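To start, the structure under review is shown below, and the notes come after it.
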Amino acid sequence: MGYFPNGTEGMLYEEEYCDRCLHQDECPVWLAHLLYSYRDCNDDSSILHLLIPKLQLSNGRCLMFVDTGLLSNLALQKFKSDSAANRAAIRAEMEKANG
């Protein structure tokens, strides 16, 4: 699992991968690491170990990393449009369920 001993390490990782990733704005992997890394750091069965693999002295590339530089502008626009539509649908379902 990705290990970030301080804020600087986390920021450097974000700069190297997250800032160029398609999932940057709503990344479930980064959120899971922020929420559960302290709890799961010694749990070898934690999925966090698979998502951002720990190499010898550094953190490996996130398995969900998609370099936006490799995608066309049309593909990026479609992804963002689909994501916004999905978020709106989920919000509507939650509001409907909550009355």
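Here the structure is a predicted model, which is why all the values come from computation and not from measurement.
The environment of CG in Asn6 is crowded: more than 12 heavy-atom neighbours from other residues, nucleotides or ligands sit within 6.0 Å.
Sequence neighbours left out, not one pair with a member in residues 29-39 passes salt bridge (Lys or Arg N to Asp or Glu O under 4.0 Å). For residues 44-53, the set of pairs meeting the side chain to side chain donor-acceptor pair (under 3.5 Å) definition, not counting sequence neighbours, comprises Asp40-Ser46, Asp43-Ser45. The ring-ring contact (aromatic ring centres under 6.0 Å, His included) pairs that include a residue from residues 80-99 number zero, where partners must be two or more places apart or lie in different chains.
Under a hydrophobic clustering in which Ile, Leu, Val, Met, Phe, Trp and Tyr are joined whenever their side-chain heavy atoms come within less than 4.5 Å, directly or via other members, Met1 and Leu31 fall into the same cluster. Cluster membership check: Tyr17 does not share its hydrophobic cluster with Met11, using side-chain heavy-atom separations under 4.5 Å among Ile, Leu, Val, Met, Phe, Trp and Tyr.
By the side-chain hydrogen bond (donor to acceptor under 3.5 Å, both in side chains) test, Glu26 is found to be paired with Arg87, residues two or more places apart in sequence or in another chain being considered. When the side-chain hydrogen bond (donor to acceptor under 3.5 Å, both in side chains) test is applied to Thr8, no partner is found at least two apart in sequence or on another chain. In this structure, Glu16 has no side-chain contact (heavy atoms from CB on, under 4.5 Å) partners at least two apart in sequence or on a different chain. Remark: Glu15 pairs with no residue by the salt bridge (charged side-chain N to carboxylate O under 4.0 Å, His left out) rule, at least two apart or across chains. With sequence neighbours excluded, no residue forms a salt bridge (charged side-chain N to carboxylate O under 4.0 Å, His left out) with Asp19. Checked against side-chain contact (heavy atoms from CB on, under 4.5 Å), Ile47 has the following partners two or more places apart in sequence or in another chain: Leu50, Leu51.
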Pairs of donor and acceptor atoms involving the side chains of residues 58-67, under 3.5 Å and at least two apart or interchain, shall be tabulated with distances.
| residue | atom | partner | partner atom | Å |
| --- | --- | --- | --- | --- |
| Asn59 | OD1 | Tyr3 | N | 2.7 |
| Asn59 | ND2 | Tyr3 | O | 2.9 |
| Asp67 | OD1 | Gly69 | N | 2.8 |
| Asp67 | OD2 | Arg20 | NH1 | 2.8 |

**Q.** Stepwise side chain to side chain contact (heavy atoms under 4.5 Å, CB included) test for Leu12 and Phe4
**A.** CA-CA 10 Å; Leu12 290 172; Phe4 307 99; over 6 Å; no
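Using a 4.5 Å heavy-atom cutoff, the side chains of Glu14 and Trp30 are in contact.
Cys27 SG to His33 NE2: the interatomic distance, rounded to the nearest 0.5 Å, is 9.5 Å.
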